[in-house]
Amino acid sequence: MSESKTVVILGGGLGGVVAATVLRKKLPDNHRVIVVDREPDHLFAPSLLWFMAGLRTARDIVRPLSRLEKKGIEVVYGEIEAIDPEARRVRIGPGSNGSSPGETTSGGRTLDADYLIVSLGADLAPETIPGLADAGQTFYTMAGAASLHDTLENFDGGKIVVLTATPAYKCPAAPYEAAMLLNEQANKRGVGDRTQVDLYAAEPGPMGVTGPEVSAGVRQMVEGQGIGFHPEHQVTAVDPEARRISFSNGVEADFDVLAYVPPHRAPNVVRDSGLVDESGWIPVDRNTLDTRFPGVYAIGDITGILLKMGKPLPMAGVFAEGQAEVVARNIAREITGKGDPASFDGNGGCFIEVGGGKAGFGRGDFYADPTPQIKLHGVGRRWHIAKILFEKTWFRRWL
Ligand SMILES: Cc1cc2nc3c(=O)[nH]c(=O)nc-3n(C[C@H](O)[C@H](O)[C@H](O)COP(=O)(O)OP(=O)(O)OC[C@H]3O[C@@H](n4cnc5c(N)ncnc54)[C@H](O)[C@@H]3O)c2cc1C
């Protein structure tokens with residue numbers, strides 16, 4: 001039996017639970033697999049839009065991370081306060097609820113790793129736009145999606161604005177889907193005839209990395225529902241009293257309900273660790289997810305992978321999942337000497353919910369040279385069903 005190794009996975013989100021589960025399956029019991037997260041629950045964020053629309057309850061879209069313990073994975077609940085990638089050492093404080101449940105868990109301690117996987121995602125920073133957080137609600141968090149749901153329950157018609165505060169954010173389809181689902185909700189409530197939904201985007205078009213055809217296709221889906229689309233509108237401030245958004249091009253827009261995608265940035269603890277570069281994200285080998293520190297890997301939203309076209313690989317759960325499997329297999333191979341080397345190939349896809357139980361689907365090779373080769377499959381019921389299966393399979397496979 002080989003000498004005991006410890007793999008520490010920072011973050012029990014989409015990338016973290018996959019990495020932990022694959023490693024646990026592949027490693028003999030004398031090796032430790034540890035997941036650290038500040039939250040006791042794992043959130044399946046792709047279902048947040050359904051939650052906002054009242055099609056899921058909170059219980060439907062979260063699972064306790066403690067389920068991993070049944071598989072032999074140790075879970076530490078705590079705030080990761082410092083990462084030393086050279087020493088592969090992390091300092092952990094108390095978790096979000098101040099407690100540290102479970103036998104194998106504790107707050108306020110140091111963990112040393114033979115292998116470190118950083119899967120801490122992107123932090124949301126609405127406070128960087130004056131007035132945004134006070135004026136609006138974001139469907140990018142459980143609390144924000146719940147509050148939007150409550151707002152919609154009492155909505156009697158008016159102006160709904162969906163806003164992207166920066167051009168790059170996780171799941172580039174999400175605000176476009178949100179606009180269509182909010183439109184559907186207004187229609188379902190019988191107030192569609194006195195409701196106008198507008199989408200003000202910081203970016204030039206939907207899902208720009210996927211190419212002009214896919215982008216135009218998604219724009220058509222949105223505009224086909226009578227939703228106003230206003231690209232290249234960079235918000236500078238929001239006035240919560242007047243319910244007015246100001247943009248850098250001098251345009252102003254009024255709203256009754258503001259549903260927004262906040263600016264993203266790497267968590268402070270990662271920015272302070274020396275792992276990020278000038279992009280603000282962790283540079284990695286695009287196939288193996290190695291960082292510049294031996295034995296330290298980064299996966300998911302926290303990574304900055306520049307595509308051949310010069311834009312970053314979009315942040316998406318499908319990529320976090322694929323990268324997690326690759327890193328886990330390669331670490332297991334290094335420890336056990338078994339298995340083939342794995343490589344992340346940049347393939348992935350994403351559903352675009354349009355409401356009415358229908359969705360489109362874009363899929364392809366994001367690493368293709370010179371530009372990603374993505375095909376958009378037209379709107380239909382089968383893609384909506386495929387997204388339901390994606391959610392069900394996620395929980396069955398990983399939690
Ligand atoms: C509304 C919405 C819809 C989406 N739809 C889709 C979709 O349809 N398809 C798709 O592929 N992707 C979708 N995504 C994107 C997807 O959810 C993310 O890309 C994915 O979650 C990234 O995984 P990750 O492991 O990198 O980060 P996350 O899943 O965000 O996990 C990061 C974890 O780190 C923890 N953490 C962070 N900092 C600390 C700290 N200092 N100490 C302790 N713990 C910490 C967090 O609590 C979290 O659990 C969507 C996202 C949103 C918001």
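Counting starts at 1 for both ligands and their atoms, in listed order. Numbers here simply count residues along the sequence, with the first being 1.
Taking the six-membered ring where the residue is Trp, the centroids of H264 and Y140 are separated by under 6.0 Å.
At the top of the distance list for atom 44 (N) of ligand 1, counting protein heavy atoms only, stands R38 N, 3.2 Å. Residue, atom and distance of the protein heavy atom nearest to atom 16 (C) of ligand 1 are G317 N, 3.5 Å. Summary of contacts: the protein heavy atom closest to atom 31 (O) of ligand 1 is G13 CA, 3.2 Å. The shortest contact between atom 19 (O) of ligand 1 and any protein heavy atom is with D301 OD1, 2.8 Å. For atom 29 (O) of ligand 1, the closest non-hydrogen atom on the protein side is L14 N, 3.0 Å. Atom 53 (C) of ligand 1 has Y140 CD2, 3.4 Å as its closest protein atom, hydrogens excluded (heavy atom only). Nearest protein neighbour of atom 27 (O) of ligand 1, counting heavy atoms only, is G121 CA, 3.4 Å. Of the protein's non-hydrogen atoms, the one nearest atom 41 (N) of ligand 1 is E79 OE2, 3.1 Å.
Using a cutoff of 4.0 Å between basic side-chain nitrogens and carboxylate oxygens, R89 and D112 are scored as salt-bridged. Contact check on R329 versus D340 returns no salt bridge, with no Lys/Arg side-chain nitrogen under 4.0 Å from an Asp/Glu carboxylate oxygen.
Contact annotation for A320 and ligand 1: only side-chain heavy atoms (C-beta onward) come within less than 4.0 Å of the ligand.
Summarising the geometry, atom OG belonging to S4 is positioned 5.5 Å from atom CG belonging to N30; distances are rounded to the nearest 0.5 Å.
In terms of polar-atom proximity, G15 is counted as a contact of ligand 1, with an N or O under 3.5 Å from an N or O of the ligand. Ligand 1 has no N or O atom lying under 3.5 Å from any N or O atom of A174, backbone or side chain.
The closest approach between a heavy atom of C350 and any atom of ligand 1 is not below 4.0 Å. At least one heavy atom of K387 sits less than 4.0 Å from an atom of ligand 1. At least one heavy atom of F139 lies less than 4.0 angstrom from ligand 1. Between A145 and ligand 1 there is no heavy-atom distance shorter than 4.0 Å.
The environment of NZ in K71 is crowded: more than 12 heavy-atom neighbours from other residues, nucleotides or ligands sit within 6.0 Å.
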Checklist entry - Going through the checks in order, is the salt bridge (charged side-chain N to carboxylate O under 4.0 Å, His left out) test met by K5 and E334? => result CA-CA 11 Å; K5 300 283 185 195; E334 202 169 302; over 6 Å; no

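Looking only at distances, no side-chain donor or acceptor of R88 sits under 3.5 Å from a matching main-chain atom of L116.
Taking all heavy atoms of T303, I80, L48 into account, the minimum distance to atom 42 (N) of ligand 1 is reached by I80. Among L120, V18, D37, the residue whose heavy atom sits closest to atom 48 (C) of ligand 1 is D37. With distances taken over non-hydrogen atoms, the option nearest atom 14 (N) of ligand 1 out of C171, A19, A122, G11 is C171. Heavy-atom proximity to atom 52 (C) of ligand 1, evaluated over A45, A324, G93, is greatest for A45.
Listed by number with element, the atoms of ligand 1 under 4.0 Å from a non-hydrogen atom of G300 are 26 (O). Counting atoms of ligand 1 from 1 in the listed order, those under 4.0 Å from a heavy atom of G78 are 42 (N), 43 (C). When each atom of ligand 1 is checked for a heavy atom of E39 under 4.0 Å away, the hits are 47 (O).
In this model, a donor atom of one side chain and an acceptor atom of the other lie less than 3.5 Å apart for R271 and N268. With 3.5 Å as the limit, one finds no donor-acceptor pair spanning the side chains of Y297 and Q323. Side-chain contact of E321 with W398: a donor-acceptor pair under 3.5 Å is present, judged by distance alone.
In this structure, R189 is not positioned above the aromatic face of F155 in the sense of NZ or CZ being under 6.0 Å from the six-membered ring centre and within 45° of the axis. R219 forms no cation-pi arrangement with F229, by the criterion of a distance under 6.0 Å to the ring centre and an angle within 45° of the ring axis.
By the side-chain hydrogen bond (donor to acceptor under 3.5 Å, both in side chains) test, D134 pairs with no residue at all, sequence neighbours left out.
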